[in-house]
Number of protein chains: 2
Amino acid sequence: MTYCVGMLLDAGIVMLSDTRTNAGMDDVSTYRKMFIFEDPGERVLTIMTAGNLSVTQTVISRIEEAAEDPEATEKTSILLAPTLFQAIEIIGNVLSDVASDIAAKVRRMDQATNATASMIIGGQRRNGRMHLYRLYTEGNFIEATEDTPYLQIGEHKYGKPILDRVVTPKTSLEDARKAVLLSMDSTLRSNLSVGMPLDYVLMKKDDCKVTRQDRIEADDEAFKAMSDAWSQALRDSFAAVP
Amino acid sequence: MTYCVGMLLDAGIVMLSDTRTNAGMDDVSTYRKMFIFEDPGERVLTIMTAGNLSVTQTVISRIEEAAEDPEATEKTSILLAPTLFQAIEIIGNVLSDVASDIAAKVRRMDQATNATASMIIGGQRRNGRMHLYRLYTEGNFIEATEDTPYLQIGEHKYGKPILDRVVTPKTSLEDARKAVLLSMDSTLRSNLSVGMPLDYVLMKKDDCKVTRQDRIEADDEAFKAMSDAWSQALRDSFAAVP
């Protein structure tokens, strides 16, 4: 499975994804689920993917090819689209096309199809505002707002209680990083099909580029310390509640 | 939907259920999902139910009728079965029969069937040990053990992280009550189809009866205070993590 979470804050956008994929319990692999498209200072888009890997890889490849095509236009390249909204429409159309194609192929073989995928896309264009979208297989999408500043895809339930309690648009970027990592930590503990390493991206407001990017490996000392401190704090809180 | 959780501890069994049922978002009702069968001092069984309401109500009615039948035998009444294990087999057979019957009726009307249900059953018989079972629609079941001292049915994910961190067989009965209530609190916050009031039961080891039973209403001051204290403690813990 997968867990990806993105936050749209006053100060910027924070995104975190895991890297585990599985086709059955006995076929587990590591794949990057986070993809960055940027023209630094002009525009940035970070895409996180969940669902059928053949669908998501094909979508990302088509988007990359379209963006690198010397004859790319505003209608085909997400790096040329006049607004972020139009870039999302391009990605939505590609996702819908690819998912439909693969579903048709699977049906032709008389097999049950599960060729679905979803994405979280965050970014900003110079002189535009920041956006964070959640894209569905069918190509439609919703956007994070002040009332609901975060979006999740994949195995979202275990990591939601902490987000519901601490995240608002005013949350600082440091706290946002802590919140997504702790949300991921709860998910890693409870679902074996979500796994390390993790990919993290920060896009500060108006930077219009990736401000910070890192991969957190399974043996990361800081992550382990945070995870242990959180477990201990939870147990202490539990003891303190009357 | 539903959330029910039961714990098998060295000191006794603790069980908690919500009361919300819904047939679609616009058809929400309150139904008790916890049912007690006891011959105080001799044996006690507490059943919690999740799933299709027509299935669970029919199962409970059949079990009640069978137990009250003057001609009840060891093979038909869960209050006469020689062991708790055999009582669970009786309930499992009734559940499997009822679910199959209702599924057949639904299929006969050419409708898609979702006539499934599951149960958690905890109890003890005099001179026997305590047991906590999770029963599936098909009538088969699993049992809580020292390694996994709690069982959940229904909307189980939101309330699992807290249980994973604080519950062991050594957990005291006071802490167990706190743990199931906080686990329920997380679930209530994140899923509208789980709702107050709550039904709580404690069966102390070797009492072979219900030691404590209460209904926690929506305006319960103690529950609200606990919920607020937990939210505050979580936020404080979050702030304290490096």
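Below, each value reflects all heavy atoms present in this structure, side chains not excepted, and no hydrogens, waters or symmetry copies. Per chain, numbering begins at 1; letters A, B, ... match sequence-line order.
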**Student:** So, taking the atom named CD in B:Gln57 and the one named OH in B:Tyr31, what distance separates them when rounded to the nearest 0.5 Å?
**Tutor:**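 If I round to the nearest 0.5 Å, the distance is 5.5 Å.
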**Student:** Any non-hydrogen side-chain atom of A:Asn22 less than 4.5 Å from a side-chain atom of A:Asp27?
**Tutor:**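 When only atoms from C-beta onward are counted, A:Asp27 and A:Asn22 do not touch, as no gap falls below 4.5 Å.
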**Student:** Chain A heavy atoms under 4.5 Å from B:Ala222: which part of the residue, side chain, backbone, both or neither?
**Tutor:**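 Answer is neither: B:Ala222 stays 4.5 Å or more from chain A.
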**Student:** Is there a donor-acceptor contact under 3.5 Å linking the side chains of A:Thr19 and A:Thr30?
**Tutor:**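 Short answer, no.
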**Student:** Less than 4.5 Å to any heavy atom of chain B: does that hold for the side chain of A:Ala239, its backbone, both, or neither?
**Tutor:**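 Contact with chain B is through the backbone of A:Ala239 alone.
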**Student:** Would you say that A:Ser17 contacts A:Thr2 through its side chain, given a criterion of any heavy-atom pair below 4.5 Å between the two side chains?
**Tutor:**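 Not touching, per the 4.5 Å side-chain cut-off.
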**Student:** What distance separates B:Thr116 OG1 from B:Asn52 CG, expressed to the nearest 0.5 Å?
**Tutor:**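 If I round to the nearest 0.5 Å, the distance is 7.0 Å.
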**Student:** Between A:Gln124 (side chain) and A:Asp206 (backbone), is there a donor-acceptor pair under 3.5 Å?
**Tutor:**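 At least one qualifying donor-acceptor pair exists.
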**Student:** State, yes or no, whether a side-chain contact exists between B:Asp199 and B:Lys33 at a heavy-atom distance under 4.5 Å.
**Tutor:**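 Answer no - side chains too far apart.
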**Student:** Taking 4.5 Å as the heavy-atom cut-off, does anything in residues 130-143 of chain B contact chain A, and if so which residues?
**Tutor:**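 Interface residues of residues 130-143 of chain B: none, nothing closer than 4.5 Å to chain A.
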**Student:** Is any residue of residues 144-171 of chain B within less than 4.5 Å of chain A by heavy atoms, and which ones?
**Tutor:**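 Within residues 144-171 of chain B, the residues under 4.5 Å from chain A are B:Glu155, B:His156, B:Lys157, B:Tyr158, B:Lys160, B:Pro161, B:Ile162, B:Asp164, B:Arg165, B:Val166.
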**Student:** Pick one of side chain, backbone, both or neither for B:Asp236, based on which atoms fall under 4.5 Å of a heavy atom in chain A.
**Tutor:**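 Interface part for B:Asp236: neither.
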**Student:** The criterion is side-chain hydrogen bond (donor to acceptor under 3.5 Å, both in side chains); which residues satisfy it with A:Ser193, sequence neighbours excluded?
**Tutor:**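 Counting only residues at least two positions away or on another chain, A:Ser193 forms a side-chain hydrogen bond (donor to acceptor under 3.5 Å, both in side chains) with A:Asn191.
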**Student:** Is any side-chain heavy atom of B:Leu202 closer than 4.5 Å to one of B:Val210?
**Tutor:**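 Counting from C-beta outward, B:Val210 and B:Leu202 never come under 4.5 Å.
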**Student:** Is it the backbone or the side chain of A:Asp228 that comes under 4.5 Å from a heavy atom of chain B, or both, or neither?
**Tutor:**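 Looking at A:Asp228, nothing touches chain B.
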**Student:** On a heavy-atom basis, which atom in B:Ala179 and which in B:Met7 lie closest, and how many Å separate them?
**Tutor:**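 The answer is CB-CE, 3.9 Å.
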**Student:** Please report the interatomic distance OH(A:Tyr200) to CZ(A:Arg215), rounded to the nearest 0.5 Å.
**Tutor:**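 It comes to 16.0 Å.
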**Student:** Give me the contact list for residues 181-189 of chain B versus chain A, heavy atoms only, anything under 4.5 Å, ordered by residue number.
**Tutor:**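 At a heavy-atom separation under 4.5 Å, chain A is reached by B:Leu182, B:Asp185, B:Ser186, B:Arg189.
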**Student:** Looking only at non-hydrogen atoms, find the nearest pair between A:Asp18 and A:Gly195 and report the distance.
**Tutor:**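 For A:Asp18 versus A:Gly195, the nearest heavy atoms are OD2-N, 3.0 Å.
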**Student:** Let me confirm one number: the CD-CD1 distance from B:Glu221 to B:Ile216, rounded to the nearest 0.5 Å.
**Tutor:**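 That separation rounds to 13.5 Å.
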**Student:** What are the two closest non-hydrogen atoms of B:Thr56 and B:Ala117, and how far apart are they?
**Tutor:**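 Heavy-atom minimum between the residues: CG2-CB, 3.6 Å.
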**Student:** Before you tell me yes or no, could you show the steps for A:Arg212 and A:Asp214 under salt bridge (Lys or Arg N to Asp or Glu O under 4.0 Å), namely the whole-Å CA-CA distance, both residues' side-chain angles and the distance that decides it to 0.1 Å?
**Tutor:** CA-CA 7 Å; A:Arg212 175 179 176 182; A:Asp214 51 340; 3.3 Å; yes
